[in-house]
Amino acid sequence: MARRWTNTLTQADVTPKAAFMNRRQIMAGMGGMAGLATLGALPNAAKAETLEPNSWEDVTTYCNYYEFGSGKGDPAKYAGSLTTSPWSVKIDGLVDKPGDYDFQQILGEMTLEERIYRFRCVEAWSMVVPWTGFELADLLNLAGVQEGAKYVAFETLYRPSEMPGTAYKVLDWPYREGLRLDEAMHPLTLMATGIFGKDLPNQNGAPLRLVVPWKYGFKSIKSVVRITLTDKEPPTSWNMANAREYGFYSNVNPHVSHPRWSQASERRLGGGLFARREPTLMFNGYEEDVASLYDGMDLAEFF
Ligand SMILES: Nc1nc2c(c(=O)[nH]1)N[C@H]1C(S)=C(S)[C@@H](COP(=O)(O)O)O[C@H]1N2
Ligand SMILES: [Mo]
């Protein structure tokens, strides 16, 4: 099936590093607006340079996974001991075929593909990640979504013996997240099993984590063990911890500030000391694909 969204690229679309560097050097010699106009006239392959993935190092050593500690380096240090095999995902609630789905069995049923997505943390840093995964919709269809289901709730594994961070009640464990059913069924919504063509490292949410590229990173729950179809908006961890700062929707929105900082710009990981902050894009650059999900909603109220 042809993919209709414009911001999804595969590794093959990404301009080789050398070409990227040349283009950047040329761009550096142009005024901002002139540069943009020229960029607009370039073929798609050249535009793809703006989605140059971050390095393996960036993606795997600067992480948020509070079950292993709240420092950015803690997950890489402590998640190695997590047992990720065997692994199963309980799918329950309003589905035709509730049960414990073995991870390997799920893999056998799904078509894996690579998607290069922007990833924007609510803390205003960002990166570009080449994920491997399958569409969440395919898994939900496998279980059979029943009439009446309106939301999807997710839970992360809670295993204190392997998760030193859970000794601290920073959050009410297990980590929980949720989506509206139409958001969950959207073709951009991915269940990731890998990055850079390799299995997910534990610190990035092995063996299976959600990726919702138009929402702040905390919605992209890691190491999922339960998916529940429900008719009510499910409680979510960061919202329970601080509802004023973290809404259920949490769509990336440069116009709605976090109470303690602006969301208008972001720091791309790996940019180095003198990198300029980049403007944050509405819906993290996926506006064309997802804005219609929120027609008629006040995005400042449902933040
Ligand atoms: N279970 C769980 N999932 C989680 C988190 C967490 O602490 N625990 N952190 C979230 C946040 S705040 C972000 S920004 C992303 C980070 O994903 P990454 O470390 O793979 O970049 O994971 C999200 N998923
Ligand atoms: Mo985050």
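No experiment lies behind these values; they were computed from the predicted model shown. Indexing begins at 1, ligand by ligand and atom by atom, following the structure's order.
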Quiz item: Hey, does the side chain of Arg277 reach the backbone of Ser265 with a donor-acceptor pair shorter than 3.5 angstrom?
Solution: yes
Self-check item: Heavy-atom donor-acceptor pair, Asp231 side chain to Lys150 backbone, under 3.5 Å
Solution: no
Self-check item: For atom 7 (O) of ligand 1, the protein heavy atom that lies nearest, with its residue and separation
Solution: Tyr66 N, 2.7 Å
Self-check item: Sub-3.5 Å N/O-N/O distance, Asn204 and ligand 1
Solution: yes
Self-check item: Under-4.0 Å heavy-atom contact with ligand 1, by part of Tyr175 that carries it
Solution: side chain
Exercise. Take every heavy atom of Met127, measure it against each atom of ligand 1, and state whether any distance is under 4.0 Å.
Key: yes
Quiz prompt | Nitrogen or oxygen of Gln203 less than 3.5 angstrom from that of ligand 1 | solution = no
Self-check item: Within-shell test, Lys219 vs ligand 1, heavy atom, strictly < 4.0 Å
Solution: no
Quiz item: Is the shortest side-chain N to carboxylate O distance from Glu183 to Lys219 below 4.0 Å?
Solution: no
Quiz item: What do you reckon, is OH of Tyr158 surrounded by more than 12 foreign heavy atoms closer than 6.0 Å?
Solution: yes
Quiz item: Taking the side chain from Trp173 and the backbone from Tyr168, do they hold a donor-acceptor pair closer than 3.5 Å?
Solution: yes
Quiz item: Under 4.0 Å between a Lys/Arg side-chain N and an Asp/Glu carboxylate O for Glu177 and Arg209?
Solution: no
Quiz item: Is it the side chain (CB and beyond), the backbone, both or neither of Cys63 that lies under 4.0 Å from ligand 1, heavy atoms counted?
Solution: both
Quiz item: Any idea which part of Asn64 is under 4.0 Å from ligand 1, heavy-atom wise: side chain, backbone, both or neither?
Solution: both
Quiz item: Within a radius of less than 6.0 Å around CD of Gln146, do more than 12 heavy atoms belonging to other residues, nucleotides or ligands occur?
Solution: yes
Quiz item: Considering only heavy atoms, does Arg209 approach ligand 1 within less than 4.0 Å through its side chain, its backbone, both, or neither?
Solution: side chain
Quiz item: Is the closest heavy-atom distance from Trp238 to ligand 1 below 4.0 Å?
Solution: no
Quiz item: Is there a nitrogen or oxygen of Tyr62 sitting under 3.5 Å from a nitrogen or oxygen of ligand 1?
Solution: no
Quiz item: Does even one non-hydrogen atom of Ser220 get within less than 4.0 Å of ligand 1?
Solution: yes
Practice problem: Determine, for Asp182 against Arg180, whether the closest basic-nitrogen to carboxylate-oxygen distance falls under 4.0 angstrom. | Solution: yes
Quiz prompt | Region of Tyr216 engaging ligand 1 - heavy atom pairs below 4.0 Å | solution = neither
